[in-house]
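Here the structure is laid out as structure tokens; the discussion comes afterwards.
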Number of protein chains: 2
Amino acid sequence: MSLVSIMEKSTCSCENCQLRSLFFSHVSMDELNNICDIKIEKQYSKGESITNEGERIHEFLYMKEGLVKLSKTDIDGKDQILSFSKPFDFVSLLSVFSSDKYKYSVTAIEDTTVCILDLEVVKKFAQQNAMFTMDLMSSISEATDKILLDNLAIKRKHLKGRIAHVLLYFSDYIYKKDEFELPISRREIAEYIGMTTENVIRTLSEFRKDNIIKIFGKDILIADKKRLRSISEFG
Amino acid sequence: MSLVSIMEKSTCSCENCQLRSLFFSHVSMDELNNICDIKIEKQYSKGESITNEGERIHEFLYMKEGLVKLSKTDIDGKDQILSFSKPFDFVSLLSVFSSDKYKYSVTAIEDTTVCILDLEVVKKFAQQNAMFTMDLMSSISEATDKILLDNLAIKRKHLKGRIAHVLLYFSDYIYKKDEFELPISRREIAEYIGMTTENVIRTLSEFRKDNIIKIFGKDILIADKKRLRSISEFG
DNA sequence: ATTATGCTGTGATAATTATCATAAACCCCT
DNA sequence: AGGGGTTTATGATAATTATCACAGCATAAT
């Protein structure tokens, strides 16, 4: 490795980060460098826990890369999945400014890179830079709205429509491909749509028998998207 | 009416407003007076529409008094109720900073008083006063979190548990009494919990037959709260 | 007053979903 | 390579919820 590349690694590269536009667009270069100097980038492998419900919030974090799930465990130990998030759909921020404890757990469902800032530093910064705070608020608001709308959409559908919804979500929104590897188990789909694991499996099998999808374990190929969309809307 | 009381009416009274603490605690007296001078207080009768899904957002509004429902109409014209809000549980703010159009409708389900500020003025103000913006963000975040948590709680319950949940919500959280007038119809309960109107009615009748509640039209008396709580948790 | 409309209420039946049981396939661990 | 656990899978049956049908009642509109 050349000296140059070592130096590049040790200096901050935030100015080129695609996420800059999200809430750093009204932050000056100097300020950005200050933030950058204290940020830590952390990698999580698929399956690893990023934050845990109930834990104290010390950090402000945002996703740079990857895919995560937001979930909550009820008294019986059963999990409910609130949403999935990719970069630009925010994560940690939900309760960050209204609670001192995480109300949801965040878990990587694909290898994920997270940028970590000390929460107190961010808060102090936010108190001094209103434009930054407004951008942050817009992001939070948009992300939360997305979750609420998605939950409403799922709520008004039956089992088949919900499964179709989830498949289309990953196909259209996350992977932008008709063939993809499901990043979650059938049980997690169930936890997300509020139905039982057996019925998720059964419905997927049914879609397979009807030649709407092909299944190879976790690999899904959507063969008849038109039909799947119609099921998602009316089924 | 004496001259004094007329003057009191014509001058701003925001400094005594109980909502001041919400997001005006870091606003100076001078600034507050400026805001106060431009604010309009508006009354809505039970049933009146406050904002409509799809309409352009021109105003920043917050509830001073009353009770409202947040709802969304789907393609078939069927309504879904997202949440109910009283003062301190925010309302208009949800999409205000991330969209130029309302994503939900807000309707008074009890006589409601709303304070209205021009959105551009509030935005400009927010850009200059970071502490105000942070307080605002906390409020939005808290209110939205409440909605998400409530929706999750409902999602994991069956019909009876959901009805019990709604009754306890109004009894414990809104009216803080065991006897109250339901501010919404059976159909609206159904729209909120995602079940049919018939089943809502049937379940209420069942609760009545089991001496858990008494029903006089819209008036509900919770006779056995312990039992209702147990149904809400486990039923 | 009178129709119209919507809300409340109940029953019978159909559709949907959950539960329980069982088994093969897969992954992890040592 | 061989348990031990989890995931996927399928079937039978039970429980839950929706749909349809109908009726009384209240309220609003004309």
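Sequence lines set the chain letters: A, B, ... in the order given, protein chains first and strands last, and positions in each chain run from 1.
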Side-chain heavy-atom pair A:L70, A:F84 within 4.5 angstrom cut-off: no
Name each donor-acceptor pair under 3.5 Å that joins a side chain in residues 226-235 of chain A to protein atoms two or more places apart or in another chain, with its distance.
residue, atom, partner, partner atom, Å
A:R227, NH1, A:D210, O, 3.4
A:R229, NH1, A:D172, OD2, 2.7
A:S232, OG, A:K157, NZ, 3.0

Side-chain N or O of B:K160 closer than 4.0 Å to phosphate OP1/OP2 of D:dT16: no
Spacing between B:N199 atom CG and C:dA14 atom P, to the nearest angstrom: 17 Å
B:K72 with B:E53: basic N within carboxylate O range, under 4.0 Å: yes
Rounded to 10 degrees, the angle between the two terminal axes of the helix from C:dA1-D:dT30 to C:dT30-D:dA1, each from five pairs: 60°
Short side-chain N/O contact to C:dT8 OP1/OP2 from B:K218, under 4.0 Å: yes
Nearest-Å distance for atom pair NZ/P, residues A:K209 and D:dG11: 6 Å
Electrostatic pair B:K101:B:E55 at N-O distance under 4.0 angstrom: no
Closest listed nucleotide, where the reference is the side chain of B:E198 and the choices are C:dA18, C:dT10, D:dT10: C:dT10
B:R202 vs C:dT10: side-chain N/O to OP1/OP2 distance below 4.0 Å: no
N/O (side chain, B:S205) to phosphate O (OP1/OP2, C:dT10) under 4.0 Å: yes
